[in-house]
**Student:** 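Shown below is the structure under consideration.
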Amino acid sequence: LLPVFNILTSYLVIGELPTMIGAMGIILIVVGTYLLLKGNQKESTSSGIYKPVLHMMIAVFCMAIGSTLDKVALQASTPVFYSFMNNFGAMFVFIILMYIYKQNTEFKLIKKELKSFTVLGISQAIAFIAFVTAFGMGQTSYVLAVRSGSYILAAIVAIFYFKESFSKKKGVAIALFLIGIILLAF
C-alpha cells in the first residue's frame with residue numbers, strides 16, 4: 001500500500017504523478033502484496049483482516065509521508081551523504097530507546113558476533129545507497145512499488161527452501177507482482 005498512499009503525498013509535496021500505466025502497475029503490485037499477506041484467520045479481526053497487516057497499514061501510511069519528505073531531502077543532498085545522515089539519526093534514536101527500555105545488554109553481542117554484524121552492516125549500507133540512488137532517479141511511488149518486490153523473493157524462498165506449499169493464491173500474487181513491475185518499467 002505504500003506506493004498507493006505515496007501517490008497522494010508525492011503529488012501534494014513534489015508534484016509527482018504516475019502515468020496511467022504506472023498506476024496500473026502499482027495497483028497490481030499492491031494487490032499481489034495483499035494476496036501474499038492476507039492469511040491466518042486465527043489472528044484476524046472481526047472484519048477478517050490479519051492483525052499484523054492492519055498495524056503495517058498504519059505504519060505504511062506514516063511511511064508514505066516520510067518517503068516523500070525523504071525525496072525532498074535527497075534532492076538537496078547526495079545519496080551517500082543522505083544515507084549516512086538517515087542511518088546515523090536512526091542509530092542515535094535506537095540507542096536512546098535501548099537505554100530507556102533497558103535493552104542495552106545486547107551491546108555485549110557485538111563483540112561475540114562482530115564479523116556477522118560487519119557483513120550485515122556493509123550489505124545494508126550498499127542496499128540502502130542503491131535504494132536511495134534509485135529513489136533520486138525515479139518517481140517515488142514507482143521505486144517504492146518495485147522495492148516491495150522483496151515479498152516475491154520471500155514467497156519464493158518460503159516455497160523452495162522452507163517447503164511451504166505453493167497455492168494458487170501465491171502463484172497469482174507472484175504473477176501480479178511481475179506484471180506490475182513490467183508495467184512500471186514502461
Side-chain angles (χ1 to χ4, degrees), residues 1-6 10 25-26 29-30 32-37 52-53 55-101 103-164 166 170 173-174 176-178 180-182 184-185:
L1 288 176
L2 179 56
V4 173
F5 291 152
N6 188 263
S10 289
I26 290 169
I29 290 170
V30 168
T33 303
Y34 177 79
L35 288 175
L36 282 177
L37 297 179
V53 173
H55 290 114
M56 284 305 297
M57 286 172 61
I58 295 166
V60 164
F61 181 73
C62 294
M63 288 170 34
I65 296 167
S67 296
T68 302
L69 297 177
D70 283 342
K71 178 91 176 220
V72 171
L74 183 59
Q75 289 173 339
S77 183
T78 65
V80 174
F81 181 74
Y82 175 76
S83 297
F84 172 77
M85 292 307 295
N86 186 301
N87 285 295
F88 183 75
M91 178 191 71
F92 185 72
V93 170
F94 286 125
I95 287 173
I96 291 170
L97 290 174
M98 285 175 64
Y99 279 100
I100 289 172
Y101 291 106
Q103 297 175 351
N104 54 330
T105 57
E106 302 294 325
F107 281 122
K108 294 176 185 172
L109 291 174
I110 292 174
K111 288 181 184 176
K112 183 180 175 186
E113 297 292 335
L114 185 60
K115 184 178 178 183
S116 295
F117 281 117
T118 301
V119 170
L120 177 62
I122 291 169
S123 63
Q124 287 280 52
I126 292 169
F128 196 79
I129 290 169
F131 166 70
V132 170
T133 301
F135 204 54
M137 295 168 63
Q139 280 203 20
T140 310
S141 55
Y142 290 7
V143 174
L144 293 173
V146 172
R147 184 177 73 172
S148 49
S150 63
Y151 292 114
I152 296 172
L153 181 60
I156 291 169
V157 167
I159 292 165
F160 290 105
Y161 185 74
F162 294 115
K163 307 296 184 213
E164 285 189 11
F166 180 79
K170 283 182 186 174
I174 291 170
L176 289 174
F177 263 103
L178 295 175
I181 288 172
I182 289 167
L184 291 181

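Here the structure is a predicted model, which is why all the values come from computation and not from measurement.
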**Student:** How long is the straight-line distance from CZ of Phe135 back to CD of Gln75, given to the nearest 0.5 Å?
**Tutor:** 9.5 Å
**Student:** Do Leu144 and Ser67 have side chains that approach each other closer than 4.5 Å (heavy atoms only, starting at C-beta)?
**Tutor:** yes
**Student:** Ignoring hydrogens, what is the shortest heavy-atom contact between Ser77 and Tyr82? Give both atom names and the distance.
**Tutor:** OG-N, 3.7 Å
**Student:** With side chains defined as the heavy atoms from C-beta onward, is the minimum distance between Gln124 and Asn87 less than 4.5 Å?
**Tutor:** no
**Student:** Tell me if a side-chain donor or acceptor on Ser10 pairs with a main-chain N or O of Asn6 at a distance below 3.5 Å.
**Tutor:** yes
**Student:** Grab the two heavy atoms, one from Met63 and one from Leu2, that are nearest each other, plus how far apart they are.
**Tutor:** C-CD1, 3.6 Å
**Student:** Taking atom CE of Met91 as the centre, does the number of heavy atoms from other residues, nucleotides or ligands within less than 6.0 Å exceed 12?
**Tutor:** yes
**Student:** Once you round to the nearest 0.5 Å, how far does OG1 of Thr78 lie from CZ of Phe84?
**Tutor:** 11.5 Å
**Student:** Ignoring hydrogens, what is the shortest heavy-atom contact between Gly32 and Ala173? Give both atom names and the distance.
**Tutor:** O-CB, 3.4 Å
**Student:** Looking at Thr133 and Pro79, what are the two nearest heavy atoms and their distance?
**Tutor:** OG1-CB, 3.5 Å
**Student:** If you take all heavy atoms of Ala145 and Ile26, which pair is closest and at what distance?
**Tutor:** CB-CG1, 4.2 Å
**Student:** Not counting sequence neighbours, list each pair that qualifies as a salt bridge (charged side-chain N to carboxylate O under 4.0 Å, His left out) and has a residue in residues 66-92.
**Tutor:** Glu16-Lys71
**Student:** Got a sec, which residues hit ring pair (Phe, Tyr, Trp, His ring centres under 6.0 Å) with Phe5, two or more places apart in sequence or on another chain?
**Tutor:** Phe61
**Student:** For the residue pair Ser83 and Val132, what are the closest heavy atoms and their distance?
**Tutor:** OG-CG2, 3.8 Å
**Student:** If I take atom CD1 from residue Ile181 and atom CZ from residue Phe177, how far apart are they, to the nearest 0.5 angstrom?
**Tutor:** 7.0 Å
**Student:** Once the angle between the rings of Phe128 and Phe131 is folded into 0 to 90°, is it parallel (under 30°), tilted (30 to 60°) or perpendicular (over 60°)?
**Tutor:** tilted
